[in-house]
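Below is one structure, written out as C-alpha cells, with a few remarks after it.
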Number of protein chains: 2
Amino acid sequence: MPALAPRRVAVLGLGLIGGSLVRRLAAAGLTVTGYDADPGTRAIARTAAAMAGRTRAWSVAGSVAEAVEGAEAVVCAVPLPALGRVLDAVAATGYEGLLTDVTSVKEPADALAAGHAPRARWVGGHPMAGTERSGFAASDPALFEGCAWVLGLDRQTRVADWTALAALYTGIGARVVPATSAEHDAAVARISHLPHLVAAALATGATRGPVGPLALALAAGSFRDGTRVAATVPALTAAMTGANAAALRTELDGLRARLAELRHLLDAADPAAALLPALAEGHAVRATWPPGSGEPETVAADADPLLELGRAGGWVTGVADDGRSVTAVRPV
Amino acid sequence: MPALAPRRVAVLGLGLIGGSLVRRLAAAGLTVTGYDADPGTRAIARTAAAMAGRTRAWSVAGSVAEAVEGAEAVVCAVPLPALGRVLDAVAATGYEGLLTDVTSVKEPADALAAGHAPRARWVGGHPMAGTERSGFAASDPALFEGCAWVLGLDRQTRVADWTALAALYTGIGARVVPATSAEHDAAVARISHLPHLVAAALATGATRGPVGPLALALAAGSFRDGTRVAATVPALTAAMTGANAAALRTELDGLRARLAELRHLLDAADPAAALLPALAEGHAVRATWPPGSGEPETVAADADPLLELGRAGGWVTGVADDGRSVTAVRPV
C-alpha cells in the first residue's frame, strides 16, 4: 500500500461494492470498519469478518458514528438514492476528513456532498466494477483488480485529497482515472447507462407475440450477452440511468440515429453489401478493445496534466511517496 | 447414437461449425469425412485428424465427390454466400440422400437447395452455437452440448428425413427444435440478428467525439458483453443479417419503438421513477431466462405435433428407434 494512502478506512454500505471493498482493504493490511443500515446485512458481514482470519481482520460497527470514529477516509458505498441520508449521518459526527462515494453519476453526487457534508474533503469516486448481482453475498475482494476507478477532479477538488485516494485504490490494483464529473457522466452514459437501457429493450422485445416462446428457446450467446445487465435489480438500474438523464438523452439519441441508418441500409437491394461498412466500423472498435497499456510514465500531480491523461484514455497506476507525481500509462 | 441416425456423414466446410461437427461426430463413433475448399484449411484439418487418435478418427477428403461418396447424410457447413456453389458440387455427384446445412437463415437456404440440389432430401438446419471467433482453429467438439439446433419442418419436408437428422443431433447432445423456416427466420432475427446490429451500433458510437478515449477507458462489463458479437468477422455478420433483411426490419422497428419510449421517459420530471416499469419488464424476461426443462414427454413424430412443440418453446431430446415418436421437453 503506497505511503500516502489512508490507513484507517470506514466503508458505509456493505453491498456488492462496499462488501468487496472492506474485504480487499482488510487483505491489504488496513484498519477497516464497515457499516450497513440493514441489521441483517450487518449480521452476515460480522460472520464473514469473523471467518476472514486474523491477518485480514475487519470489523462491523453498530452505527455510522462508530464506523467513522478515527477514520482517515470514509467511503459511502450506497446507491445514489441513499447517498444524501448517509452523508447527513457522516456530517452529524463532525467528520472533516476524506470523503468519497462509489455511485455511477458524479455531478449529482457532488451536489449532494456540497449540500449534506460541506465540511468533509469530498472527492467523488466510481469503480467500473459492477455485475448484474448485488448484495454482500455477491462481494468479491478481487472485484477491483484491473478495474477503472474514476476519481473526480473538479475546480473545488484538493489535489492532495485526490492523490491520497488514488494511492488507496491503486494500492488494491485499480486503474485510477482522473476526470471532471461532467466528463465522467458523459462517458458512463455512453458505455454503461446506454447498454443497460438497450439490454432491457432487447429483453422486453424477445418475448412478444406468437414467436416469443420459440425465440426464447433459440436465444443463445448474442442474446445472453446483449441482455445480461437487464438481470440487474431494476431499482438500481433506474436510479443509475435516471440520475444521468441529461447525458443519457444525448447518447440514446446518437444510438437511435445509428439504428435508423442501419434500418435504411436493410432496405437496399443488396442489404448484406449495404450493411458491411457499418458492421466493419463496429468491428474495428470492438476488436481493438480493451486497449493495451503503453510504457509507464511520470505525470505531475496537478489538475491539468492529470485531466489531460484521463481525456487521452490513460490511467494512474501508482502515486509517488511525496505526492508530487503519479505513475501513469496511456492506451496503445 | 440413436438407431435411426445416419452412420456415415460428410461435412463440407471446416470452419468453426463444420470443424466442431466432424470432431464431435467422430468422437460419437460415426464414419466422418470432412472437406474444405481451402487447401490450407484441409492441411490443418488433416493434422488435427491425425492427432485425434484411433477411436475418434475422421478423414479429410480431397474433393466434394470423395467426401460425399458413400455418405448417408451430407452437412453443408458453409456461410450462405457459399451455399449455392457447395450445393452445385453435391448435385454434380448425383447424391440423393439426406442433405442439410447450418446457415442462420432458412427460407433463403431452402430456396437454394430447391434450385441447386433438387434430387437430394433436404432438411434445413441451424445450430445456435456461434461465437465471435471463426475458422477450424476455433473449433470445439463440445460446441453443441445443450445448444438449440433448429431443423426446418415445412410442407415439403419428409418427417422420416427430419427424425433421422434429429437422431443424429440429439445423439451429440443438442436440443433439436422443430420450426417452419419462416418461424425460424423471425425468431433468429429477434434474438440473434438484432443483437448483432445493436452490438455494432453500440461499439461504433463508443469512440466518437472528444469523450471517446475516456469512454473506452471506462468501458467495463455492460459494454464488453453488449458489444461482444461486434468482434465477429464483419462479412459473416453482413451475410447473416442481410439475408434475413425482411424479418430483421420488423424486429429493428420494434426495438426502435421501445427505445423511443425509453427516450420519452428520460424527459420525465423523475426519470428514475418513469423508467422503472420498463426496466422491470426487461428484468422479468432476462432473470427467468434460460428456462428450465419440464418433465420428458412423448410426442408423435408428425409435423403438426412437432411444430406445436417448437412454437411452445420446447425441444426434442431423443428419437424412438422406430422413428414414430420423439422424447421432448417444454420450458418451465
Side-chain angles (χ1 to χ4, degrees), chain A residues 128 148 177 183 186-187 190-192 195-197 200-201 203-207 211 213-220 222-223 225-231 234 237-239 241-242 245 249 252 254-256 258-259 262-263 266 271-272 275-276 279-283 285-287 310-313, chain B residues 128 148 177 183 186-187 190-192 195-197 200-201 203-207 211 213-220 222-223 225-231 234 237-239 241-242 245 249 252 254-256 258-259 262-263 266 271-272 275-276 279-283 285-287 310-313:
Chain A
M128 308 300 302
V177 178
E183 288 169 345
R190 177 177 292 186
I191 51 75
S192 170
H196 277 78
L197 288 192
T204 300
T207 191
V211 82
L214 175 65
L216 288 175
L218 301 190
S222 62
F223 177 81
D225 289 356
T227 61
R228 181 181 59 83
V229 292
T237 306
T241 52
R249 278 194 285 265
L252 182 51
L255 177 71
R256 291 172 65 212
R258 285 189 294 284
L259 292 177
L262 292 172
R263 175 64 182 79
L266 281 171
L275 288 166
L276 185 57
L279 294 170
E281 194 181 347
H283 177 265
V285 174
R286 186 53 173 78
R311 284 174 196 134
Chain B
M128 308 300 301
V177 177
E183 288 169 345
R190 179 178 291 186
I191 51 75
S192 170
H196 277 79
L197 288 192
T204 300
T207 190
V211 82
L214 175 65
L216 288 174
L218 300 190
S222 62
F223 177 81
D225 289 356
T227 61
R228 180 181 59 82
V229 291
T237 306
T241 51
R249 277 195 285 265
L252 182 51
L255 178 71
R256 291 173 64 212
R258 286 188 294 284
L259 292 177
L262 292 172
R263 176 65 182 80
L266 280 171
L275 287 166
L276 186 56
L279 295 170
E281 193 181 346
H283 177 265
V285 174
R286 186 53 174 77
R311 284 173 195 134

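This one's a predicted model, so the numbers in the text were calculated from it and none came from an experiment. Atom set for the values below is all heavy atoms of this structure, side chains included, hydrogens, waters and symmetry mates excluded. The sequence lines fix the lettering, A, B, ..., with proteins before strands; numbering per chain opens at 1.
- From A:F223, atom CZ reaches atom NE2 of B:H196 across 14.0 Å, with rounding to the nearest 0.5 Å.
- With a threshold of 4.5 angstrom between heavy atoms, B:L255 approaches chain A through side-chain atoms but not through N, CA, C or O.
- Chain A forms the most heavy-atom pairs under 4.5 Å with one residue out of B:G205, B:A245, B:P271, and that residue is B:G205.
- Interface summary for chain B: among A:A186, A:A287, A:P195, the most heavy-atom pairs under 4.5 angstrom belong to A:P195.
- If you measure heavy-atom distances from A:A219 to chain B, the contacts under 4.5 Å come from both the backbone and the side chain.
- Contacts between A:A206 and chain B at a heavy-atom distance below 4.5 Å involve backbone atoms as well as side-chain atoms.
- In this structure, A:R286 and B:A203 approach most closely via the heavy-atom pair CB-CB, 4.3 Å.
- When each of B:A187, B:G242, B:G282, B:P234 is checked for heavy-atom pairs under 4.5 Å with chain A, B:P234 comes out on top.
- You'll find the side chain of A:T227 stays beyond 4.5 Å of the side chain of B:D225, heavy atoms only.
- Ranked by heavy-atom pairs under 4.5 Å with chain A, the first of B:A238, B:A217, B:A148 is B:A238.
- When the candidates B:M128, B:E281, B:R256, B:R190 are compared by the number of heavy-atom contacts under 4.5 Å with chain A, B:R190 comes out ahead.
- The closest side-chain heavy-atom distance from A:L218 to B:V177 is below 4.5 Å.
- Contact count versus chain B (heavy atoms, under 4.5 Å) is highest, among A:A239, A:A280, A:G254, for A:A280.
- B:L197 contributes atom CG, which lies 10.5 Å from atom OG of A:S222 (distance to the nearest 0.5 angstrom).
- Under the 4.5 Å side-chain criterion, counting only non-hydrogen atoms from C-beta, B:T237 is not in contact with A:L275.
- Of the two parts of B:R311, only the backbone, made up of N, CA, C and O, holds a non-hydrogen atom closer than 4.5 Å to a non-hydrogen atom of chain A.
- Here the NE2 atom belonging to A:H283 is positioned 11.5 Å from the OG1 atom belonging to B:T204, to the nearest 0.5 angstrom.
- Listed for the B:R258 side chain is a donor-acceptor partner under 3.5 Å among the backbone atoms of A:A201.
- Side-chain contact check for B:R263 versus A:R249: some heavy-atom pair is nearer than 4.5 Å.
- When B:T241, B:L259, B:T207 are compared by the number of non-hydrogen pairs under 4.5 Å with chain A, B:L259 comes out ahead.
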